[in-house]
2 protein chains.
Amino acid sequence: MAQPMYHLIADDLRGQIERGDLRPGAQLPTELELREKYEASRNTIRDAIKRLIGLGLVETRPGQGTFVTQKIDPFVTTLTGDQKSGRASGGEGIAYLSEVSEQHRKPAESTPRVEIQVPSAEVALRLRISPGVQVVSRHQQRFIDDIPWSLQTTYYPMEFVTSGKAPMLLMAEDMAEGTVQYLKKAIGLEQVGYRDWITARTPDSNEQTFFRIPHDSTVFEIFRTGFDQNETPMRVTVTVFPADRNQFIVNVGNVPDPQYDLSQSEPETTEPETTEAEK
Amino acid sequence: MAQPMYHLIADDLRGQIERGDLRPGAQLPTELELREKYEASRNTIRDAIKRLIGLGLVETRPGQGTFVTQKIDPFVTTLTGDQKSGRASGGEGIAYLSEVSEQHRKPAESTPRVEIQVPSAEVALRLRISPGVQVVSRHQQRFIDDIPWSLQTTYYPMEFVTSGKAPMLLMAEDMAEGTVQYLKKAIGLEQVGYRDWITARTPDSNEQTFFRIPHDSTVFEIFRTGFDQNETPMRVTVTVFPADRNQFIVNVGNVPDPQYDLSQSEPETTEPETTEAEK
DNA sequence: GCAAATTTGTTCGTATGTATT
DNA sequence: CAATACATACGAACAAATTTG
């Protein structure tokens, strides 16, 4: 037994999925049927399926069956905003709405949840404030084509509001102009650049339920620190993206226009063929 | 039974790890011991441990036991090379060696493996060549402090060598000056910019063995397309990084010098305490 | 170098619970 | 309520890797 049986079964099923014999959304044979087909016990079949789940190829629905996962058409975010001026454009909100629309997809975002809180050590470090000091945070959920896409929280130093100069930061509503533009007008702080710190990790329980992803999947976590004229951090934005539906682009120097049209050149999508009914 | 038993067991062990009762590198009780402690069957214990493996908190070694994973100190790569000029600096090789040294860590790389091959559809698309056309590829393995860090393959159009102008591309050895500089001298093609395309996926079997990572872990895959004066792609570099030991930075506009010194502000590392003997 | 002991890996069988149709 | 399908849990046996005597 060079390879354990559940590896062989998983590999056989993986082949069927990758060759297209089993299309996205299609139902796999039930565990009982697979048990007969491969002449293995139900537990062994389940071990094989667990492997496929780990690879993100299938998902199980209690009472229904096992299904090939629908690959979500990935959304591409450009991290280097306006490369000509090298200048960070508006806030993330504005950039998000326009970038999504450009790709002919429907953006949506929740109204901000505003909180006064003590940020994590990582955020405090980037904002260059002492651990334990309070900040203003604005949190939003973002959707594309009604699919949960990202969770974003931006942290601002408390002085912005205690000084009375930027009261709108506490308003739990969208700022049409964007918070970055607002801060320039209100306080005179201009964001002259930013740094993105890109990491990957497993999702916490909140993220699991919001994105509907398994506990051992991966999310990107991007810390964006915005700097003002004095090279001082004026805000830190933490955005969490599920890795299965997000990609990123970084442009440096002179590059031609992006080609968003090269979405996954897949094996072939011959027929859309609506395979199953949604609940 | 609100929560299944193996969830509760996993959560209890997770708590011990995160509180520091079980330090990185420490061995967990054996399955038999855990079976007695939690009064569950061995299979249930194993389900709990599988969960912890999925979260990347522990690893099992057949014949030895289960151990808390050693977090590898992540290495940070800056994707925007020289932000002042907005110009892509030398080749990746040069940039890699200097960037790693700056962080006081020891870089190493294999001698390049040169091949003539038909690239994947993704690479062909980015190089703007027809599918099925051959290209020159140069492949390298990179290490930091003797740990496998990345796998990199760069693809160049075949004309570069068939024209006889850039024969060094076929030499299976390091180019001290960097291939980007060499191409400028040899063919007159200057890289005036590049675009990075950042994605995440599960590793293939090669990557699993080289990086020693499980089949359901995550790797970053970054496609870097370099453009010449004519806005034409002159090379495509594909680099694969395990997500557990790599992070990335993108600088836009004016930003202060990076602070590499803010490595994970962990719960506390009170005592190093060498827990176990290496083989 | 070999054999025994230890520990995890694989596979089976069985029973019962929970979600969906 | 019944049937179907996946989820959890137990027990058992043997295999494979590693360490120890």
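Chain naming here is simple, since letters A, B, ... match the order of the sequence lines and numbering starts at 1 in each.
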Exercise. Looking at A:Tyr6, does any N or O in its side chain come under 4.0 Å of the phosphate oxygens OP1/OP2 on C:dT11?
Worked result: no
For this session: Please report, rounded to the nearest Å, how far the P atom of D:dT4 is from the CZ atom of A:Phe67.
Result: 16 Å
Exercise. Is A:Glu59 salt-bridged to A:Arg212, cutoff N-O under 4.0 Å?
Worked result: no
Problem set entry | Nearest-Å distance for atom pair CD1/P, residues B:Ile45 and D:dC10 | 8 Å
Seminar exercise, completed: Checking D:dC10, D:dA17, D:dC6 against the side chain of B:Pro62 (C-beta onward), the nearest is D:dA17
Problem set entry | the helix from C:dC2-D:dG21 to C:dT21-D:dA2: angle between end helix axes, five pairs per end, rounded to 10 degrees | 10°
For this session: Identify which nucleotide among D:dT19, C:dT10, C:dT8 has an atom closest to any side-chain atom of A:Pro4, counting heavy atoms from C-beta outward.
Result: C:dT10
Exercise. To the side chain of B:Ser41, which of C:dT20, D:dC10, C:dT11 is closest?
Worked result: D:dC10
Problem set entry | Nearest-angstrom distance from the residue atom CE of A:Met5 to P of C:dT10 | 12 Å
Exercise. Would one find a side-chain N or O of A:Arg46 under 4.0 angstrom from OP1 or OP2 of D:dA7?
Worked result: yes
Exercise. When A:Arg224 is tested against each of A:Thr237, A:Thr239, A:Thr154, A:Asp196 for side-chain hydrogen bond (donor to acceptor under 3.5 Å, both in side chains), which residue passes?
Worked result: A:Asp196
Exercise. Between B:Gln27 (CD) and D:dT19 (C1'), how many Å, whole number?
Worked result: 12 Å
Problem set entry | d(CZ, B:Arg61; C1', C:dT8) in whole Å | 13 Å
Exercise. Mind checking what makes salt bridge (charged side-chain N to carboxylate O under 4.0 Å, His left out) contact with A:Glu36, not counting sequence neighbours?
Worked result: none
For this session: Grab the two heavy atoms, one from A:Pro74 and one from A:Trp149, that are nearest each other, plus how far apart they are.
Result: C-CZ2, 4.5 Å
Exercise. What about A:Arg42, does its side chain sit under 3.5 Å from the base of D:dA7 through a donor-acceptor pair?
Worked result: yes
Problem set entry | Residues within residues 30-38 of chain B bordering DNA chain C, heavy-atom distance below 4.0 Å | B:Thr30, B:Glu31
Exercise. Within this structure, what is the CG-to-C1' distance between B:Asn43 and C:dA15, rounded to whole angstrom?
Worked result: 14 Å
Exercise. Quick one: does B:Gln64's side chain get under 4.5 Å of B:Gln27's, heavy atoms only?
Worked result: no
Exercise. With respect to the side chain of B:Thr66, which nucleotide from C:dT8, C:dG13, D:dC6 is positioned closest?
Worked result: C:dT8
Exercise. Is the charged tip of A:Arg105 near the ring of A:Phe75: under 6.0 Å from the six-membered ring centre and within 45° of its axis?
Worked result: no
Exercise. Could you give the distance from CG (A:Leu55) to CD (A:Glu18), rounded to the nearest 0.5 Å?
Worked result: 8.5 Å
Exercise. Given atom NZ of A:Lys50 and atom P of D:dA7, what is their separation to the nearest angstrom?
Worked result: 9 Å
For this session: Rounded to the nearest angstrom, tell me the gap between atom CD in A:Glu39 and atom P in C:dT11.
Result: 14 Å
Problem set entry | B:Lys50 NZ to B:Ile45 CD1 distance, which is reported to the nearest 0.5 Å | 12.5 Å
Seminar exercise, completed: By nearest-nucleotide position on DNA chain C, the 5'-leaning member of B:Ile49 and A:Ala40 is B:Ile49
For this session: Verify ring pair (Phe, Tyr, Trp, His ring centres under 6.0 Å) between B:Tyr38 and B:Tyr6, making sure each step is shown before the conclusion.
Result: CA-CA 10 Å; B:Tyr38 291 105; B:Tyr6 75 99; over 10 Å; no
Exercise. Under 4.5 Å between any side-chain heavy atoms of A:Val219 and A:Ile213, yes or no?
Worked result: yes
